[in-house]
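Here's the structure we're looking at; comments come further down.
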Amino acid sequence: MTEAASDASFNWRPFLEQWSEEWADACGSDEEIPDGKALQERRLGFAPASAAHIAAAEERLGCRLPPSYRAFLEISDGWRNAGGFVRLLAGTAHARWYEDEAGFGEFFREELVEGSSPEEIAQAGMWSRALQLDVESDATYILMDPQDVTGNGEWAVYCHKVWTAAPPQRYESFRAYMEAMYREFHYLRAQAHEEREFVNATTRALDAVVEEAWHMALAGDYESAEAALVEPDAFGRPRAGVLLGQIRHVLDESSHFRGGPGMSAAVRAQEFPPAPARAASGHDAYDARAWLVGPLWRKKPSFSYAAPGPFGAAIEEAREQARWGDTDTAWRTIVAALPRWQPLGADHLVPFGLLEDSLLGPLMTPERRRELLAVPRGPEGVVGSGPVAEALDPGGLAWLADGEGDGRSGGYRFVLVEGVEPAELPGHIGADGEGVLHEPMTQWDVHDLLHSRGERSSYDDKPMVSVGRAGAGWSFAFDGEAHAFDKKRFVSPAAAAAAGTRAVVVWSSRAESCSPPAFHLSVAENGAEMYAFTACAAEVVRNGHIPPTLDPDLFFTRAGDSDAWLSGERRALEAIAAEFGVSLPRFALSSACRLHRFRTRSWTRPPGPGETYMVVSWGAGEVCWRQGVAGV
């Protein structure tokens, strides 16, 4: 039976008696009430309205009252303390037509636009026809709309709290409104800081539901737990709000969960990053792009989530894997360890602090957030019983040719080095005096670092590359924002990278208005280039003995056909991956993941005699250009 269908037959007497008893038990002797006898009598209501009184009210108002309000009056002719802001609710003597005495209707009609919904239009007209039920209140209007009627003859009730500057809250019926006010009474009492504990049969029953929902959530049935926690949360049960907040925070990437008063200090200390540092001026510190894109891009301080026991050890292992781009392995490490995670108390159901971890937080896709909640853990966890985490990286290199996405619209380039750890790459191809491995950072951080102050020339191409592992025994240095390929000035870093080992260099330059697409491959061993090719439009330049599997004629044959070029690029990348057994992590390179970075040596040679060049320098709000000719 639906709520609307059950309104007329709702048993008001036990509901109102329970509300009155709980209110009286919670009150102190100095409680402010509109009628001093209410506490003494332990009754918020009044004597029932007689049939004659109800009939007289309906005759005065010129209409038959809606069923649930009429049934309420037969038990209590009015009500005191309806929620927290209505001190006296009208009975038969005080119900009257409102007629928009305060002018709210005009205000809401002015807010209507061409695309306003039927509900918004109806609400704007409600003010001049509604029945007013509030008699004494704190700037709160309770109005029943005779034109907003359900199939059972119920009138919708609107509660307008003036100080909220929000549209009125709509309830399907008078019964629905009173049940909401009963919940509001509970909520406000539960949140109040009083010496007397607010405990009764209702709170004990709700707390039992919360306890059961906690175990359901730990067992991985977070959807049932979320549904079960909604009502206790509406009644203000502190633990319910904390648990429900954790579930919704994990599921919703836009959530701004802060814990609430029901969260213990231990959980708060473990799961939340420290408060961000304040600038000397007393305002929050913003990054360099904040004035362009607003506070949503506020730069977050670095945060490393930590937890005790085996799960904490697994988090450290996963962070080490993620910092070198192996995000799939990092996530599998987390999922495998989740059954061993232990809550810090009954207000704790998931390690939601992982979402804020600088290295592991970006791994949390919507699917992985759901998986985080679905794995049984804590008292309900069984090691080895969790699902196998799905990989997000396709493996290989061919994904780089998947159109113009993931920030690679202008092309990309990378260096692969065999037998060298990622942290050692700056020693092979780092720029003179700048070959320092930076702490993990996002691409936005790189932009800040490069563009806050510096100098760049047309002959000096030193990208800030991200580094990581490229499969068994290989490391990569990757630049996803490569400029147009200049075949006359290009100098492959392969030979320098291959000191005492083997290295592969790839540069793909996508078609632009001023240059054709280009694809370069060079392979070096023990400090010397072994072979290379550069395909640019219809021209292919070869050097050395190219293995048959990497012959450029297999990939680049049709000039001027962008689809054919991308298809050839994909086949070339597949062949390179198969030849050397290498792979690049798409997820780590195509998202907000943090990776270590360093600046490489130049990929282009200096200008020769008579060649022109330009130098651009910037800093302190100024940009300077100067042009020159080499040798002059």
Side-chain angles (χ1 to χ4, degrees), residues 10 12-50 52-54 56-58 60-61 63 65-102 104 126-127 130-146 154-164 168-171 173-189 192:
F10 180 63
W12 282 97
R13 188 177 302 278
F15 170 68
L16 297 177
E17 288 177 350
Q18 178 175 306
W19 188 346
S20 293
E21 291 289 335
E22 291 174 349
W23 169 79
D25 288 340
C27 282
S29 58
D30 59 345
E31 188 79 16
E32 182 181 349
I33 54 177
D35 184 344
K37 293 183 179 180
L39 182 57
Q40 182 179 355
E41 297 176 354
R42 299 176 64 82
R43 187 173 69 173
L44 286 168
F46 298 90
S50 66
H53 281 127
I54 295 175
E58 290 179 332
R60 174 173 59 84
L61 296 170
C63 65
L65 295 172
S68 64
Y69 181 55
R70 208 172 191 278
F72 161 77
L73 293 174
E74 292 173 352
I75 304 299
S76 178
D77 195 5
W79 191 255
R80 307 173 179 93
N81 288 17
F85 307 99
V86 178
R87 291 187 294 275
L88 183 60
L89 200 66
T92 55
H94 294 99
R96 66 187 184 91
W97 296 114
Y98 177 58
E99 297 180 348
D100 198 14
E101 296 169 359
F104 290 114
M126 174 269 299
W127 302 93
L131 189 68
Q132 184 176 7
L133 298 185
D134 59 282
V135 180
E136 297 178 16
S137 69
D138 295 330
T140 300
Y141 293 84
I142 308 301
L143 306 171
M144 285 201 302
D145 186 357
E154 293 291 345
W155 300 4
V157 174
Y158 289 87
C159 175
H160 182 52
K161 298 174 181 177
V162 178
W163 71 89
T164 64
Q169 175 68 48
R170 181 184 181 276
Y171 302 92
S173 64
F174 179 76
R175 173 200 167 184
Y177 164 74
M178 287 294 279
E179 288 181 319
M181 292 307 99
Y182 174 60
R183 291 192 294 269
E184 183 174 274
F185 151 69
H186 262 267
Y187 185 89
L188 294 174
R189 287 291 180 179

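Because the structure is a prediction, the values reported are computed rather than measured. Note that these values count all heavy atoms, side chains included, but never hydrogens, waters or copies made by symmetry. Sequential numbering from 1 along the given sequence is applied to the chain's residues.
The minimum heavy-atom distance between Glu184 and Gly84, with the atom names listed, is OE2-N, 2.8 Å. Residue Trp97 comes nearest to Leu61 through the heavy atom pair NE1-O, 3.0 Å, listed as atom of the first residue, atom of the second, then distance. For the residue pair Pro146 and Ala130, the shortest heavy atom distance occurs at CD-CA, 4.1 Å. Shortest non-hydrogen contact noted between Ser20 and Arg42 is CB-O, 3.5 Å. In plain terms, the two heavy atoms of Ala49 and Asp77 that are nearest each other are CB-CG, 3.6 Å.
Contact check on Lys161 versus Asp138 returns no salt bridge, with no Lys/Arg side-chain nitrogen under 4.0 Å from an Asp/Glu carboxylate oxygen.
The CD atom of Glu101 sits 4.0 Å away from the CZ atom of Arg96 when rounded to the nearest 0.5 Å. Atoms SG and CE, from Cys159 and Met181 in turn, are 5.5 Å apart once rounded to the nearest 0.5 Å. Distance check: Trp155 CH2 to Ser173 OG gives 13.0 Å after rounding to the nearest 0.5 Å. To the nearest 0.5 Å, the span separating CG on Leu133 from CG on Leu89 amounts to 5.5 Å. Atom-to-atom distance recorded for Glu179:CD and Arg175:CZ is 4.0 Å, nearest 0.5 angstrom. The structure places CH2 of Trp127 at 6.0 Å from CG of Leu143, a figure rounded to the nearest 0.5 Å.
Ring-centre distance between Tyr158 and Tyr171: not below the 6.0 Å cut-off.
Of the possible polar contacts, none joining the Trp12 side chain to the Ala71 backbone as a donor-acceptor pair under 3.5 Å is found. Side-chain N or O atoms of Arg80 include one that pairs as donor or acceptor with a backbone N or O of Gly45 at under 3.5 Å. Looking only at distances, a side-chain donor or acceptor of Asp134 sits under 3.5 Å from a matching main-chain atom of Ile142. With hydrogens and angles ignored, the 3.5 Å screen pairs a side-chain donor or acceptor of Arg60 with a backbone N or O of Ala95. Side-chain N or O atoms of Ser76 include none that pairs as donor or acceptor with a backbone N or O of Trp79 at under 3.5 Å. No donor-acceptor distance shorter than 3.5 angstrom exists from the side chain of Asn81 to the backbone of Val86, with no hydrogens or angles considered. Remark: the backbone N or O of Met178 is not paired with any side-chain donor or acceptor of Arg183 at under 3.5 angstrom. Proximity of a side-chain donor or acceptor of Glu136 to a complementary backbone N or O of Leu88 within less than 3.5 Å is not detected.
Between Phe104 and Tyr141, the angle of the ring planes goes over 60°, which puts this pair in the perpendicular group of the 30/60° scheme. The aromatic rings of Tyr182 and Phe15 lie perpendicular to each other, with more than 60° between the two planes, well past the 30° mark.
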Note to self: One pair to check against side chain to side chain contact (heavy atoms under 4.5 Å, CB included): Leu73 and Leu65. What are the steps and the verdict?
What the structure shows: CA-CA 10 Å; Leu73 293 174; Leu65 295 172; 3.8 Å; yes
Next item on the list: Decide yes or no on side chain to side chain contact (heavy atoms under 4.5 Å, CB included) for Glu22 and His186, but give the supporting numbers first.
Entry: CA-CA 9 Å; Glu22 291 174 349; His186 262 267; 2.8 Å; yes
Next item on the list: Dump the intermediate steps for side chain to side chain contact (heavy atoms under 4.5 Å, CB included) on Ser68 and Glu154, then the final yes or no.
Entry: CA-CA 7 Å; Ser68 64; Glu154 293 291 345; 2.8 Å; yes
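Between Leu39 and Glu41 the shortest side-chain heavy-atom distance does not fall below 4.5 Å. Looking at heavy atoms from C-beta onward, Leu16 lies in side-chain contact with Ile75 at the 4.5 angstrom threshold.
Remark: the Tyr177 side chain and the Gln169 side chain contain no N/O donor-acceptor pair separated by less than 3.5 Å. Side chains of Gln132 and His94: no donor on one and acceptor on the other come within 3.5 Å.
Figure legend: cation-pi geometry between Arg70 and Phe174 absent, as NZ or CZ is not positioned both under 6.0 Å from the six-membered ring centre and within 45° of its axis.
In Arg13, the CZ atom is not crowded: 12 or fewer heavy atoms of neighbouring residues, nucleotides or ligands sit closer than 6.0 Å.
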